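First comes the structure, then the notes that go with it.
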Amino acid sequence: MQAEAAIALLLTLPSPKLVKSRIVSLISLILQPAMGIVPFAAFQLLDIYWKNEHRLMCTSDVCTAAERDRYEKSIYKSQKNVILCASACLLYWCVYRICRYYKEIQNLEEVEKRYKNQ
């Protein structure tokens with residue numbers, strides 16, 4: 001998740017046109033293999049959901065303090081993992097869209113130059 005955030009920050013920072021185009025082309029090449037993030041996150045979310053549905057409940061007075069703490073820690077860990085999976089997918093999508101918008105802008109600039117030259 002930190003890598004996606006760093007890439008998104010790198011893409012949105014102002015930089016010279018040549019540097020920006022090189023960065024966007026490099027990141028576009030990286031995005032294809034990194035697409036594995038999305039199925040992995042989806043599998044992780046399904047696993048968290050399944051574990052949540054089949055988790056032993058510890059809400060009665062029969063549970064010891066240690067069991068209750070372990071139960072609460074597992075709930076917090078599941079919530080943290082859901083947030084991480086969702087944010088990884090969101091950041092991947094943002095990086096993809098930023099690269100795509102930049103490429104569309106480049107194409108429009110090329111078309112504009114051709115029309116000016118004619």
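In this text, all values refer to a predicted model and were calculated from it rather than measured experimentally. Just the heavy atoms: all of them, side chains too, but no hydrogens, waters or symmetry mates, feed the values below.
A donor and an acceptor atom, one from each side chain of Ser78 and Lys51, are nowhere located under 3.5 Å apart.
Taking the ring axis of Tyr102 as reference, the NZ or CZ atom of Arg100 does not stay both within 45° of it and closer than 6.0 Å to the ring centre.
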Please report the C-alpha distance between Lys17 and Glu109 in whole Å, then the side-chain angles of each, then the deciding distance to 0.1 Å, and finally whether the side-chain contact (heavy atoms from CB on, under 4.5 Å) criterion is met.
-> CA-CA 12 Å; Lys17 205 173 219 180; Glu109 287 174 350; 3.1 Å; yes
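Atom-to-atom distance recorded for Cys85:SG and Leu90:CG is 13.0 Å, nearest 0.5 angstrom. With rounding to the nearest 0.5 Å, the separation of OG in Ser74 from CD1 in Ile48 is 11.5 Å.
Here the closest non-hydrogen pair linking Ala41 and Cys89 is CB-SG, 3.5 Å. Pairing each heavy atom of Thr12 with each of Ile98, the nearest pair is CG2-CD1, 3.7 Å. Taking both residues in full, the closest heavy atoms of Ala5 and Leu91 are given as N-CD1, 3.9 Å, listed atom of the first, atom of the second, then distance. When every heavy atom of Leu18 is checked against every heavy atom of Ser21, the shortest pair comes out as O-OG, 2.8 Å.
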Distance-only donor-acceptor pairs under 3.5 Å for side chains of residues 111-118, two or more places apart:
from: Asn117; atom 1: ND2; to: Lys113; atom 2: O; distance (Å): 3.2

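Taking 4.5 Å as the limit, every side-chain heavy atom of Leu108 sits out of range of all side-chain heavy atoms of Ile105. The shortest side-chain heavy-atom distance between Glu110 and Asn107 falls under the 4.5 Å cut-off.
Of the possible donor and acceptor atoms, one in the side chain of Glu67 sits under 3.5 Å from a partner among the backbone N and O of Thr64. Remark: side-chain polar atoms of Lys20 are not paired, donor with acceptor, to backbone N or O of Pro14 under 3.5 angstrom.
Cluster annotation: Val19 and Val95 are assigned to the same hydrophobic cluster (Ile/Leu/Val/Met/Phe/Trp/Tyr, side-chain heavy-atom contacts under 4.5 Å, transitive).
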